[in-house]
Amino acid sequence: DNQRIRNKDKHDRATVEQVLDPRTRMILFKMLNHGFINLIDGCISTGKEANVYWGESKTGIELAIKIYKTSILHFKDRDKYVTGEFRWRHGYCRRNPRKMVQMWAEKEFRNLTRLIKNGVSAPNPIYLRGNVLLMDFIGSNRWPAPKLKDAVLKSSKPRKLYRECVEMMWRIYNKSRLVHADLSEYNLLYFNDSIVVIDVSQAVEHDHPMALQFLMKDCTNITEFFRKNDVAVMSVKQLFEFITDPTVTEENMDDYLDAVSESVLNDEEFSDPTKIVEVEVFKQAYIPQNLTQVVDIERDIDLAKSGKQDLIYKTLARKKKIKEMQAEKRKVKVKKHVKKRKERLAKKK
Ligand code: ADP
Ligand code: MG
């Protein structure tokens, strides 16, 4: 075993040298100097966009060190996560790869912070500098927890984990106001008989223009994984509705899920042809996210009330939400106005 670790290290060191540009090395050097890291040893994962290393803090706490690669190549297809997001409305530096990668690292740090704050089980972010992110190591004695896809589960486990996962998805959406957008058995770790969510740099705000499409994909991945593991899962549609239904609260969540699971005719979604069509239509349905996308909301609501048309965005089109969005619009207008006035005044001077 020891020998294996040693050999692995040799190989990893080669990878470290390859990946780390001088600036990244300087960042690590400073982290070592300041005692954030005492030791880096062994590579946990090499990915397209980042490598993850095992480390230890000065106080002996195990760390996961995620180093985002500074080559721009792989980040190109990430535009869709950023475009239209309020937090990045001033644009981001497509032309400066280093800046762009730093932005992704920062995004992961902030999203982790938000998840932790709202009681979602995720690695606690510890420190961020440039493209290097330090977080809690999920695992023990240098052994990282396995991904859910690789975990060896006792036959009774998947059911419990499914429920946990569904509640986690609810919490991410309703408490952290985020959509993971890359959720699957690859980005869930299995640790202490529980799941821990990771890899959240691409997670988007719940009101991102594509948030609900991403959420739908997440629901599909999770449903398919647990269905494969013989869990009597809800349909994708039921899961999606559970997560986005504003009447669900922490208090009534269990009752809601119990009620749904009683009504679940397992596999109905795939065995009944009319269901398949219905689900596909639902998946592709255009789900408006903000006022500008809802051309005539009063008409749509009337139609829905009269039963002539199914109001697919019923849970989102509530008056409160609309008022919020109108207020937001007004705020932006006022801000623009103030800015213009300031500019005019500055010119006069
Ligand atoms: P990417 O998928 O973009 O390469 P991830 O954040 O998913 O990046 O990390 C890659 C792998 O590194 C994960 O699948 C997991 O095995 C491991 N890993 C990531 N973060 C941690 C952590 N905090 N603790 C233990 N292992 C981790
Ligand atoms: Mg991943």
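Just follow the structure's listing: the first ligand is 1, and inside any ligand the first atom is 1.
Glu62 and Ser140 share no donor-acceptor pair across their side chains, judged by distance under 3.5 Å alone. Residues Thr24 and Asn131 bring a donor and an acceptor atom of their side chains to less than 3.5 Å of each other. A donor-acceptor contact closer than 3.5 angstrom links the side chains of Tyr68 and Glu108. A donor and an acceptor atom, one from each side chain of Ser194 and Asn192, are nowhere located under 3.5 Å apart.
Of the heavy atoms in Asn187, only side-chain atoms (C-beta onward) come closer than 4.0 Å to ligand 1.
No more than 12 heavy atoms of other residues, nucleotides or ligands shown are found within 6.0 angstrom of CZ on Arg129. Within a 6.0 Å sphere centred on OH of Tyr127, heavy atoms belonging to other residues, nucleotides or ligands number more than 12.
Remark: distances from the non-hydrogen atoms of Lys48 to ligand 1 are all 4.0 Å or more.
Transitive grouping of hydrophobic side chains (ILVMFWY, heavy atoms separated by less than 4.5 Å) keeps Ile198 and Leu63 in distinct clusters.
Remark: among candidates Ser45, Gly47, Pro144, the nearest residue to atom 12 (O) of ligand 1 is Ser45, based on non-hydrogen atoms. Between atom 15 (C) of ligand 1 and the options Asp150, Leu148, Ile198, the minimum heavy-atom separation is to Ile198. Comparing heavy-atom distances from atom 20 (N) of ligand 1 across Gln202, Met135, Lys66 singles out Met135 as nearest. Residue Leu189 holds the heavy atom nearest to atom 27 (C) of ligand 1 of all those in Leu189, Leu134, Val197.
For the pair Ile65/Leu133, no side-chain contact is recorded, criterion being any heavy-atom separation below 4.5 Å from C-beta on.
Residue-to-ligand polar distances keep Glu49 apart from ligand 1: every N/O pair is separated by 3.5 Å or more. Annotation: Glu108 places no N or O atom under 3.5 Å from an N or O atom of ligand 1; distance criterion only. Annotation: Ile138 places an N or O atom under 3.5 Å from an N or O atom of ligand 1; distance criterion only.
Without hydrogens or angle criteria, Glu251 side chain to Val248 main chain gives no donor-acceptor distance under 3.5 Å.
For ligand 1 and Pro123, the ligand atoms under 4.0 Å from any heavy atom of the residue are 23 (N). For ligand 1 and Phe137, the ligand atoms under 4.0 Å from any heavy atom of the residue are 24 (N), 25 (C). Distances below 4.0 Å separate heavy atoms of Ile44 from the following atoms of ligand 1: 17 (C). Distances below 4.0 Å separate heavy atoms of Lys147 from the following atoms of ligand 1: 14 (O), 16 (O).
Among the atoms of Asp182, no N, O or S atom falls under 2.8 Å of the Mg ion (ligand 2). In summary, Asn187 places an N/O/S atom under 2.8 Å from the Mg ion (ligand 2), meeting the contact criterion.
The name of the N, O or S atom in Asp199 nearest to the Mg ion (ligand 2) is OD2.
With a 6.0 Å cutoff to the six-membered ring centre and a 45° limit on the axis angle, Arg171 does not count as a cation-pi contact of Tyr173.
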